[in-house]
Amino acid sequence: MDEFLKEIWAGLTANPKYLPSKYFYDKTGDELFVQIMDCPEYYLTRCELEIFTKQGGDMAIAIQDRLKTFDVVELGAGDCTKSKHLLKALLAQDTDFTYYPIDISANVISNLEEQLPQELQGLKVQGLNGEYFAMLESLGTLSARNKVVLFLGSNIGNIPIDDTTGFLKQLGSYLAPGDLLLTGFDLKKDPAVILAAYNDKGGITRRFNLNLLQRINDTFGADLNLAQFEHLPVYDEQTGACKSYLVSNKDQQSHIGNAGSVTFGAGERILMEISQKYTAAQTDAFAIATGFAPTAYFTDSKGWFLDALWTVV
Ligand SMILES: C[S@@+](CC[C@H](N)C(=O)[O-])C[C@H]1O[C@@H](n2cnc3c(N)ncnc32)[C@H](O)[C@@H]1O
């Protein structure tokens, strides 16, 4: 069975049901995510963009103070809205580096390879289309320089908190002492602000979630009825986990191509995505527990978002 179908099937037959959020990103999913970033409720991009526009130069200096030669790798680059500001600042300082965006979406990688060198004159771009660790493995044969790894937006937040230590240790295993990691962490704040970001009035986040059901229908000839699922975000202030669900609004059965059929009870939920929120102290603790040293902090004027620079010890 194809990997995508295997993972979808495992999620839809699990109890409770889930779908892996990495599959949100086909061409339509990429476009919807760009629209989400423009939603008035989605503060994350605005906060992180403020950090990169105002402090991109300071970030470039912090990097160049620590590494003489390096390549820049971005995990889950998306449309690169924020990292562009840092890349521009690094180019302005006459640094010779290659930018390696890694993304599971083929559409993202082809867009970046086509558009970035036109937007940022002199930038060398080599896209890697696939999963984070498989692509970091391939990168081993492409780049012998130190690495500056960018992991921006809410990408780390999509990893369940109990798996984050394991993820960071595995990431560190592809890096060398002195390499740098710049990670975006969405900080804990007023729960109403957080919840609104995943429940925009224009319904784009709802469409973004339903698009994965459409992708399953289109890819495997499945018959998931999109009209029979509601979008439900839930935020738990204690754990900091914001979870997006699709909820079946009736008892129903769907056929997932050749894999078989799945039943949904009325009110049954499919967990679509986790967006974890942190305290700054928690991010330091993650660094120290996984072989990194907290090195510099970049935050927005509201103190809602943190880009943390860590050094591999
Ligand atoms: C939420 S978007 C964020 C994009 C960008 N980092 C930003 O901050 O705007 C997540 C991106 O990561 C990619 N992605 C998600 N899971 C991935 C995985 N396991 N391996 C590689 N790319 C992944 C998606 O295709 C998508 O482009």
Side-chain angles (χ1 to χ4, degrees), residues 3-4 7-8 11 18-39 42-53 56 59 72-87 99-113 115-116 127-139 148-160 163-164 166-168 170-171 174 181-186 197-198 200 204-205 208-209 211-212 215 233 242 244 272-277 298 300 304-308:
E3 191 62 22
F4 178 20
E7 290 191 49
I8 293 301
Y18 66 90
L19 284 171
S21 62
K22 64 185 175 187
Y23 291 122
F24 278 142
Y25 302 92
D26 61 355
K27 191 168 185 299
T28 309
D30 292 339
E31 286 164 5
L32 285 169
F33 187 72
V34 169
Q35 290 181 37
I36 288 175
M37 292 198 291
D38 278 341
C39 287
Y42 198 77
Y43 61 85
L44 292 86
T45 305
R46 276 194 308 282
C47 290
E48 200 177 30
L49 193 55
E50 180 199 316
I51 298 172
F52 275 75
T53 49
M59 287 173 172
V72 179
V73 183
E74 181 159 5
L75 304 179
D79 75 346
C80 198
T81 320
K82 293 150 284 182
S83 36
K84 260 180 224 169
H85 295 272
L86 175 58
L87 296 172
Y99 172 59
Y100 294 97
I102 292 177
D103 207 290
I104 197 169
S105 163
N107 176 57
V108 155
I109 294 300
S110 62
N111 285 347
L112 291 179
E113 284 188 325
Q115 291 161 12
L116 269 187
L128 298 167
N129 176 214
E131 293 230 29
Y132 303 136
F133 294 131
M135 294 302 101
L136 283 170
E137 186 79 47
S138 321
L139 186 62
V148 176
V149 178
L150 312 179
F151 195 27
L152 307 182
S154 50
N155 286 35
I156 195 165
N158 297 147
I159 299 168
D163 300 339
T164 304
F167 180 91
L168 289 168
Q170 195 173 348
L171 175 55
Y174 292 99
L181 172 63
L182 182 68
T183 307
F185 292 99
D186 190 19
Y198 298 91
D200 64 284
I204 297 167
T205 314
F208 178 68
N209 279 272
N211 180 59
L212 176 49
R215 183 179 183 188
C242 187
S244 290
M272 303 297 288
E273 186 169 56
I274 296 177
S275 302
Q276 181 67 37
K277 312 301 164 195
F298 302 93
D300 61 295
W304 283 4
F305 201 92
L306 167 67
D307 282 295

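We count ligands from 1, going down the list as the structure has it; atoms in each ligand are counted the same way.
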Trainee: Should the proximity of Met135 to ligand 1, defined as any heavy atom under 4.0 Å, be assigned to the side chain, the backbone, both, or neither?
Mentor: neither
Trainee: Looking at side-chain heavy atoms only, is the closest gap between Lys82 and Asp307 below 4.5 Å?
Mentor: no
Trainee: Which atoms of ligand 1 are found less than 4.0 Å from any heavy atom of Lys82?
Mentor: 7 (C), 8 (O), 9 (O)
Trainee: Show your working on ring pair (Phe, Tyr, Trp, His ring centres under 6.0 Å) between Phe133 and Phe167 and close with a plain yes or no.
Mentor: CA-CA 10 Å; Phe133 294 131; Phe167 180 91; 4.9 Å; yes
Trainee: Under a 4.0 angstrom heavy-atom cut-off, which atoms of ligand 1 come close to Met37?
Mentor: 9 (O)
Trainee: Test of understanding: given a 4.0 Å heavy-atom threshold, classify the contact between Asn155 and ligand 1 as side chain, backbone, both, or neither.
Mentor: side chain
Trainee: Give me the residue, atom name and distance of the protein heavy atom closest to atom 14 (N) of ligand 1.
Mentor: Tyr132 OH, 3.7 Å
Trainee: Report the nearest protein non-hydrogen atom to atom 27 (O) of ligand 1: residue, atom name, distance rounded to 0.1 Å.
Mentor: Asp103 OD2, 2.7 Å
Trainee: Can a side-chain donor-acceptor contact be found between Tyr23 and Glu7 if the only test is distance below 3.5 angstrom?
Mentor: yes
Trainee: Would you say Ser105's side chain and Val108's backbone share a donor-acceptor pair under 3.5 angstrom?
Mentor: yes
Trainee: What residue and atom, counting heavy atoms only, is the protein's closest point to atom 1 (C) of ligand 1, and at what distance?
Mentor: Tyr25 OH, 3.0 Å
Trainee: Return yes or no for this condition: an N or O of Gly76 is under 3.5 Å from an N or O of ligand 1.
Mentor: yes
Trainee: Is the closest side-chain donor-acceptor distance between Asp79 and Thr81 under 3.5 Å?
Mentor: yes
Trainee: Geometry only, no angles: is Asn158 polar-contacting ligand 1 at N/O separations under 3.5 Å?
Mentor: no
Trainee: Under a 4.0 angstrom heavy-atom cut-off, which atoms of ligand 1 come close to Gly130?
Mentor: 20 (N), 21 (C)
Trainee: Could you check whether any heavy atom of Ser21 sits closer than 4.0 Å to an atom of ligand 1, since that is the contact criterion I want to use?
Mentor: no
Trainee: State, yes or no, whether a side-chain contact exists between Leu168 and Ile156 at a heavy-atom distance under 4.5 Å.
Mentor: yes
Trainee: Parallel, tilted or perpendicular for Phe33 and Phe208, by the 30°/60° rule?
Mentor: tilted
Trainee: State, with a plain yes or no, whether a side-chain heavy atom of Pro233 is found less than 4.5 Å away from one of Thr205.
Mentor: no
Trainee: Within a distance under 4.0 Å of any heavy atom of Gly153, pick out the atoms of ligand 1 and give their elements.
Mentor: 8 (O)
Trainee: Under a 4.0 Å heavy-atom limit, does Ala77 contact ligand 1 with its side chain, its backbone, both, or neither?
Mentor: backbone
Trainee: Using a strict 4.0 Å cut-off to heavy atoms of Glu131, name the atoms of ligand 1 that fall inside it.
Mentor: 19 (N), 20 (N), 21 (C)
Trainee: Compare every heavy atom of Ile8 with every heavy atom of Pro20, then report the nearest pair and how far apart it is.
Mentor: CD-CD1, 4.4 Å
Trainee: For ligand 1, which atoms sit closer than 4.0 Å to a heavy atom of Leu152?
Mentor: 6 (N), 8 (O)
Trainee: Between Phe24 and ligand 1, find which residue part has any heavy-atom pair under 4.0 Å and reply side chain, backbone, both or neither.
Mentor: neither
Trainee: So is Ile104 polar-close to ligand 1, meaning N/O to N/O under 3.5 Å?
Mentor: yes
Trainee: Would you check, one step at a time, whether the test ring pair (Phe, Tyr, Trp, His ring centres under 6.0 Å) holds for Phe305 with Phe298?
Mentor: CA-CA 8 Å; Phe305 201 92; Phe298 302 93; over 10 Å; no
Trainee: Test your reading of the model: is there a side-chain donor-acceptor pair from Asn158 to the backbone of Ser275, 3.5 Å cut-off?
Mentor: no
